[in-house]
Amino acid sequence: MLKIHNNLSRQKEVFTPITPGKVGLYVCGMTVYDYCHIGHARVLVVFDMVVRYLRHSGYEVNYVRNITDVDDKIIKRAHENGEPMAALTQRFIDAMHQDAAALGVLPPDQEPKATTSMELITAMITTLVEKGYAYPASNGDVYYDVSKFDGYGKLSGKKLEDLRAGERVAVDEVKDDPMDFVLWKAAKPDEPSWDSPWGAGRPGWHIECSAMSTDCLGNHFDIHGGGLDLQFPHHENEIAQSEAATGCQFVNVWMHNGFVQINEEKMSKSLNNFFTLREVLKQYAPEVIRYFILASHYRSALNYSDQNLDGAKIALERFYTALRGVETVVIQNGGEYEARFCNAMDDDFNSVEALAVLFEIANALNRAKADHNGAAAIQLAGQLRYLGGVLGLLQDDADVFLKGGAQNTGGLSDADIDALIQQRLDARKNKNWAEADRIRDELLTQKIILEDGAGITTWRRG
RNA sequence: GGCUGGGUGGCAGAAUGGCUAUGCAGCGGCCUGCAAAGCCGUGAAUGCCGGUUCGAUUCCGGCCUCAGCCUCCA
């Protein structure tokens, strides 16, 4: 029985889909004007894990993840670069898809873009204006009137009066209320724009998600996710827009993943303390990053550090070392471990405890190998790969992972290494331990670690 | 100022009203020419102060402290 922490109620609830057996899931994706950073990687991986587990549990999932391809920052960046907005966004959409694929993130079922959803967006704004929830302002913008929506603040736990008294709310002359937010922005000269009943302009950020999510999944759907920083105001505003427009509940379960922190501080564009995924991938294998993300609960803060990434690498080495040398046979279940694995995942996607179960399988697998129990080893290896696959992990060939190591450009080729190992085997045969140790040390300076087995020497990159 | 969520062994990081996390590191042993990997064993924790309870790290209250939201942000 799957339980999910619902941020709307701030507690774990038994998950009950609107339509039995089916799940509609919408996740706020990226604003494409730069490369993905580790925070984006976390959203991608966390909800990929959620989708994989929902499917493993037998649900038919319709996973929608949008792309914001028009907004102030994009327009600014395109202007700085002196390139058309569409060229800029396409470049970073392609980059994002590459990054997601590297992390083993499966493509969403639908990936709507703001710029190709303008009719939906203007239609929803029209409805909001007609119903009296929105008003055109003197400057050509259209604003949402928060005072008209009773439930405003229910997701973030904020009260309008507190928000108005907040330190950082700027007073804007054209708004009726400082908390009103923009649905449609009138175009300034040289800005990309679309026609609308209120003149040429572009959508405010929040409305696109209301329009696209209800279009793809219906007025009322199961799960909406995104980073914790989107809870307010973005998701709060989505609720206000969608529920005012449709007259029914928007979303049953709200899920937010925690931040990636660096030195105990949130990693963000505005603080300029972020690492792009591409930078990190120069140092660590993609699966190491995926493991690092899943080794903390999705709602906790995730502290980025070389030490923690190194720990993730070592943990994966343990798994792949256990899998190495065992014939790969596809097994479609986790055997005796499946129940505990699922109990962990059913508890609000507790991937950390699920990984602990995988370590137990690795331990049993190592014992089976030590006991020369080949049949048991093959079975356990299959179960480990199967359950690992539910998390999107351990699908690589063990030798490929272990010999791949860090970004080893230059240095010794596999053939060079094999030749040196052969020389060393000859030396060992002659009990020339000094020469054998010399070769081993020489390889170690290149971060090649040798492991002498029964009559065979294996190696890996450290 | 208003509102959230945290503080667990050397590190990372789960869980729990009484019993075991898990990984890394440490210590002892096995294996090895020596290592590495692996196996077996082992020490080590619940911010502070009260309360409830036979018993609290877990529930309640207060305090200290950290992070976050209230402005674009995954």
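In what follows, chains are A, B, ... by sequence order, proteins preceding strands, each numbered from 1.
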Rounded to whole angstroms, how far apart are OH on A/Y291 and P on B/rC24? 9 Å

At under 4.0 Å between heavy atoms, what does A/Q261 touch on the DNA or RNA strands: base, sugar-phosphate, or nothing? sugar-phosphate

Parallel, tilted or perpendicular for A/Y152 and A/F232, by the 30°/60° rule? perpendicular

Atom pair CG/NZ of A/N139 and A/K175 - distance to nearest 0.5 Å: 10.5 Å

Among the candidates B/rC39, B/rA35, B/rG5, find the nucleotide nearest to the side-chain atoms of A/D452. B/rA35

Please find out if less than 6.0 Å separates the ring center of A/Y63 from that of A/Y26. no

Check this one for me: any side-chain N or O of A/R299 less than 4.0 Å away from OP1 or OP2 of B/rG6? no

Among B/rG23, B/rC73, B/rC11, the nucleotide that comes nearest once only the side chain of A/W205 is considered: B/rC73

So A/H234, base contact, sugar-phosphate only, or nothing? Heavy-atom distance under 4.0 Å. nothing

Could you give the distance from CZ (A/R91) to OH (A/Y33), rounded to the nearest 0.5 Å? 14.0 Å

May I ask you to say what A/A295 touches in the nucleic acid, namely base, sugar-phosphate or nothing, with a heavy-atom cut-off under 4.0 Å? sugar-phosphate

Quick one: does any side-chain atom of A/N273 pair with a main-chain N or O of A/S268 as donor and acceptor, under 3.5 Å? yes

When you check the phosphate oxygens OP1 and OP2 of B/rC40, does a side-chain N or O of A/N363 lie under 4.0 Å from one of them? yes

Is A/R164 close enough to B/rG1 that one of its side-chain N or O atoms is under 4.0 Å from OP1 or OP2 there? no

For atom CG of A/N303 and atom C1' of B/rG7, their distance in whole Å: 14 Å

Could you tell me whether the side chain of A/E287 reaches within less than 4.5 Å of the side chain of A/Q395, counting heavy atoms only? no

May I ask you to check whether A/Y143 and A/F181 place their ring centers less than 6.0 Å from one another? no

Measure the acute angle between the ring planes of A/W254 and A/H224, then classify it against the limits of 30° and 60° as parallel, tilted or perpendicular. parallel

If you check every side-chain atom of A/F259, which of B/rC73, B/rG5, B/rC69 has the closest atom? B/rC69

Go ahead and write out RNA chain B as dot-bracket, 5' to 3': ( ) for pairs within the strand, [ ] for ones crossing earlier pairs, | when the partner sits on another strand, dots for unpaired; Watson-Crick or G-U wobble, both distances under 3.5 Å. (((((((..(((.....[...))).(((((.......)))))....(((((..]....))))))))))))....

side-chain hydrogen bond (donor to acceptor under 3.5 Å, both in side chains) between A/Y298 and A/H5: does it pass, once the steps are laid out? CA-CA 11 Å; A/Y298 76 89; A/H5 181 92; over 6 Å; no

Quickly work out the A/L323 CG to B/rG38 P distance and round it to whole Å. 12 Å

Using the C1' atom as the point on both nucleotides, what is the distance between B/rA74 and B/rC31, in whole Å? 48 Å

Give one of base, sugar-phosphate or nothing for A/L450, where a contact means two heavy atoms less than 4.0 Å apart. base

Please determine whether any donor N or O and acceptor N or O are separated by less than 3.5 Å between the side chain of A/K158 and the base of B/rC69. yes

Determine the contact category for A/S296: base if any of its heavy atoms lies under 4.0 Å from a base atom, sugar-phosphate if only primed atoms, P, OP1 or OP2 are that close, otherwise nothing. sugar-phosphate

Using the C1' atom as the point on both nucleotides, what is the distance between B/rG10 and B/rU46, in whole Å? 15 Å

Counting any heavy atom closer than 4.0 Å, what does A/Q307 reach on the DNA or RNA strands: base, sugar-phosphate only, or nothing? sugar-phosphate

Donor-acceptor check, side chain of A/N66 to backbone of A/P112, threshold 3.5 angstrom: yes or no? no

Does A/R440 make a side-chain donor-acceptor contact with the base of B/rA35, cut-off 3.5 Å? yes

Look at all strands and tell whether A/E264 reaches a base, only sugar-phosphate, or nothing, counting heavy atoms closer than 4.0 Å. sugar-phosphate

Specify the separation, in whole Å, of atom CD of A/E317 and atom C1' of B/rG38. 14 Å

For residues A/D94 and A/Q90, is any side-chain donor paired with an opposing acceptor at under 3.5 Å? yes

Please confirm whether any donor atom in the side chain of A/D437 sits under 3.5 Å from an acceptor in the base of B/rG33, or the reverse. yes

What is the distance, to the nearest angstrom, from the NE2 atom on A/H224 to the C1' atom on B/rA74? 12 Å

For A/T321, which contact category applies under a 4.0 Å heavy-atom criterion: base, sugar-phosphate, or nothing? sugar-phosphate

Which part of the nucleic acid, if any, lies within reach of A/G258 when heavy atoms closer than 4.0 Å are counted: base, sugar-phosphate only, or nothing? base

Starting at atom CG of A/L302, determine the distance to atom P of B/rA74, rounded to an integer number of angstrom. 16 Å

Which is true for A/N366 with a 4.0 Å heavy-atom rule: it touches a base, it touches only sugar-phosphate, or it touches nothing? sugar-phosphate

Closest nucleotide among B/rC34, B/rC73, B/rC70 to the A/L163 side chain: B/rC70

For the side chain of A/K266, starting at C-beta, report the closest nucleotide among B/rC70, B/rC39, B/rG68. B/rG68

Using a 4.0 Å heavy-atom cut-off, does A/V260 contact any base of the nucleic acid, only the sugar-phosphate backbone, or nothing at all? base

Starting the side chain at C-beta, find the nucleotide from B/rA14, B/rA74, B/rC39 nearest to A/T31. B/rA74

Which is true for A/R367 with a 4.0 Å heavy-atom rule: it touches a base, it touches only sugar-phosphate, or it touches nothing? sugar-phosphate

For B/rU8 and B/rA45, measure between their P atoms and round to the nearest Å. 14 Å

Within the structure shown, what part of the strands sits under 4.0 Å from A/G157 by heavy-atom distance: base, sugar-phosphate, or nothing? sugar-phosphate

What distance, rounded to whole Å, do you find between the two P atoms, one in B/rU57 and one in B/rU4? 26 Å

Report the nucleotide, chosen from B/rA15, B/rC72, B/rA74, that has the shortest atom-to-atom distance to any side-chain atom of A/E353. B/rA15

Evaluate the criterion salt bridge (charged side-chain N to carboxylate O under 4.0 Å, His left out) for residue pair A/D177 and A/R164; output intermediate values, then yes/no. CA-CA 9 Å; A/D177 182 312; A/R164 291 191 188 103; 2.5 Å; yes

Hey, does A/G227 reach any base, or is it just sugar-phosphate, or nothing, if we go heavy atoms under 4.0 Å? sugar-phosphate

For the side chain of A/E451, counting heavy atoms from C-beta on, which of B/rA37, B/rC39, B/rA14 is nearest? B/rA37

Nearest to the A/N308 side chain among B/rG38, B/rA12, B/rA14, which nucleotide is it? B/rA12

Checking ring-ring contact (aromatic ring centres under 6.0 Å, His included) against A/Y304, which of A/F275, A/Y284, A/F259 comes through? A/F275

Quick check on B/rA12: is either OP1 or OP2 less than 4.0 Å from any side-chain nitrogen or oxygen of A/S300? no

Please report the distance, rounded to the nearest Å, between CG in A/L155 and P in B/rG68. 20 Å

Can you pull out the residues from residues 424-434 of chain A that lie within a 4.0 Å heavy-atom distance of RNA chain B? A/R424, A/R428, A/W433

Could you give the CG-to-C1' distance, from A/N350 to B/rG13, as a whole number of Å? 10 Å

With no hydrogens and no angle check, is any side-chain donor or acceptor of A/K369 less than 3.5 Å from a backbone partner on A/A322? yes

Counting heavy atoms from C-beta on, name the nucleotide in B/rU4, B/rG68, B/rG33 closest to the side chain of A/E265. B/rG68

